[in-house]
Each structure stands twice: as structure tokens, then as C-alpha cells.
*Asks:* 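Pasting a structure here, questions to come.
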Amino acid sequence: MEYKKHLFQTHGDDRGMLVAIEQLNDIPFEIKRIYYIYNTQNGLSRGIHAHKTLEQLLICVNGSCKLLLDNGYEKETVLLDQPHEGVYLPKGIWREMYDFSPDAVLLVLASELYDEADYIRNYDAFLAFAKEEKTHEGSV
Ligand code: TYD
């Protein structure tokens, strides 16, 4: 699938750890927005949508959570449990975040400002979008 795991360099010494992420150097887009999710309720999922153009990088900077990723043709589950590991999601990936540990903090770097029009929240509409994208890929 089109997602990519990034293992960021850690700068550790006897004071602790530090991770730096630079746009276009460590991740493939310019960062226009940052948001984070915490205090997640046990047993609940978040996300449950795809994006038409948005690229994102997800890092569980504390605790852990799982991602269910789906490109319309295959599904994969990814565990995020290391503060120096990120998952890059290009456009067109359906995602669900779940199994948050009580202390989980999920940091998201995004390539665009918030735009509700970029969301695909209906799964059937997502499958149609994925099919359309694949048709275009094949015709280039
Ligand atoms: P929502 O898309 O439901 O979050 P998730 O993908 O984690 O399930 O967003 C929750 C609320 O926050 C919703 O009212 C929209 C708002 N929001 C913003 O205002 N800006 C943002 O960057 C994001 C991601 C959400």
C-alpha cells in the first residue's frame, strides 16, 4: 500500500531524547497545519474517512494506537507505539484510528489547512474515488 513508515533520527543524551522533523527533508510535504488527539475514550475509533488531496504524517508521540489503512483494494493494520516513528499517508487512504492507550497523544502533521470539502466520509463514495484514481493512473 502507498503509506510509508518513517523512522526519525533521535538525538539522545543523558538528558533524554529529541526528534526533529523538517518539511521536505524528513517528510515529503510542506507542513501547513498541526493537530493532536488526546484524552481518547476507551473502545472508540476516530478518523473513519479519507482525503481527496490532503497528505498527513501521524506520530503517536506518547502511548500507542493502531491504524486501519485501506486504499480501496487492500487493508493493513499498523501499530504506532514509538515517538520517533511516523506513518505518511498520501491522499486517497481510508483511515481509522483505534485501540488508543489511555495516555496516547497522536500528533498529525498536515499538508493543507482544515477543509471539510476535502473529506470523504462515506465508504462507498471512497471506493468510487479509489476506483476513479486507479483508472486515471492506468491511463497516464
Ligand atoms: P474529526 O474530523 O471528527 O476528527 P477525527 O478525524 O480525529 O475523527 O474532527 C473533530 C472536530 O475538530 C470537527 O468538528 C472538525 C474539527 N477540526 C478542526 O477544526 N480542524 C482540524 O484540523 C481538524 C482535524 C478537525
Side-chain angles (χ1 to χ4, degrees):
M1 203 187 295
E2 303 82 349
Y3 78 86
K4 193 170 184 297
K5 279 190 182 174
H6 288 254
L7 218 49
F8 300 112
Q9 188 184 351
T10 54
H11 304 271
D13 57 31
D14 47 16
R15 297 169 300 168
M17 305 300 283
L18 184 152
V19 172
I21 299 171
E22 296 188 354
Q23 62 181 11
L24 302 176
N25 284 336
D26 302 297
I27 61 170
F29 59 85
E30 291 187 2
I31 301 161
K32 288 206 183 142
R33 175 167 54 111
I34 295 171
Y35 63 93
Y36 46 94
I37 292 169
Y38 63 101
N39 264 355
T40 43
Q41 297 307 301
N42 196 16
L44 295 185
S45 297
R46 301 202 57 131
I48 319 182
H49 63 251
H51 285 282
K52 295 174 195 165
T53 63
L54 188 71
E55 299 168 70
Q56 293 187 306
L57 188 110
L58 285 66
I59 307 165
C60 202
V61 289
N62 197 57
S64 64
C65 72
K66 286 181 189 150
L67 307 176
L68 173 68
L69 304 176
D70 178 349
N71 65 2
Y73 295 90
E74 48 179 343
K75 295 182 191 198
E76 267 185 59
T77 302
V78 175
L79 172 68
L80 279 179
D81 64 351
Q82 300 191 81
H84 66 296
E85 183 179 44
V87 170
Y88 165 73
L89 299 182
K91 67 174 182 168
I93 304 280
W94 186 269
R95 82 287 311 269
E96 300 186 17
M97 296 88 91
Y98 63 103
D99 267 5
F100 289 91
S101 62
D103 58 348
V105 181
L106 181 64
L107 176 69
V108 183
L109 313 180
S111 65
E112 299 296 337
L113 302 182
Y114 179 71
D115 177 12
E116 185 57 38
D118 193 66
Y119 281 70
I120 307 171
R121 294 193 183 273
N122 176 282
Y123 190 70
D124 287 339
F126 162 67
L127 291 179
F129 178 87
K131 203 170 163 188
E132 182 76 7
E133 290 283 296
K134 208 175 173 81
T135 309
H136 284 308
E137 256 172 45
S139 65
V140 174

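For ligands, and for the atoms within them, numbers begin at 1 and follow the listed sequence. Keep in mind it's a predicted model, so treat the numbers as computed, not measured.
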*Asks:* Could you walk me through whether Ile93 and Met1 satisfy the side chain to side chain contact (heavy atoms under 4.5 Å, CB included) test, starting with their C-alpha distance in whole Å, then the side-chain angles of each, then the deciding distance to 0.1 Å, before giving a yes or no?
*Replies:* CA-CA 9 Å; Ile93 304 280; Met1 203 187 295; 4.1 Å; yes
*Asks:* Not counting sequence neighbours, which residues clear salt bridge (charged side-chain N to carboxylate O under 4.0 Å, His left out) with Lys131? List them please.
*Replies:* none
*Asks:* Decide if the gap between the ring center of Phe126 and the ring center of Tyr123 is smaller than 6.0 angstrom.
*Replies:* yes
*Asks:* Which residue pairs pass the side-chain hydrogen bond (donor to acceptor under 3.5 Å, both in side chains) test with at least one member in residues 89-101, sequence neighbours excluded?
*Replies:* Gln56-Arg95, Lys66-Asp99, Lys91-Glu133, Trp94-Glu96, Ser101-Asp103
*Asks:* Is there a side-chain contact between Leu106 and Arg46 (heavy atoms, below 4.5 Å)?
*Replies:* no
*Asks:* For ligand 1, run through the N/O pairs with the protein that fall under 3.5 Å and put one pair on each line.
*Replies:*
| from | atom 1 | to | atom 2 | distance (Å) |
| --- | --- | --- | --- | --- |
| ligand 1 | 2 (O) | Arg121 | NH2 | 3.4 |
| ligand 1 | 4 (O) | Arg46 | NH2 | 3.3 |
| ligand 1 | 7 (O) | Arg46 | NE | 2.9 |
| ligand 1 | 7 (O) | Arg46 | NH2 | 3.2 |
| ligand 1 | 8 (O) | Gly47 | N | 2.9 |
| ligand 1 | 22 (O) | Arg33 | NH1 | 2.4 |

*Asks:* According to ring pair (Phe, Tyr, Trp, His ring centres under 6.0 Å), does anything in residues 5-34 pair up with another residue at least two apart or in another chain? List the pairs.
*Replies:* His6-Phe8
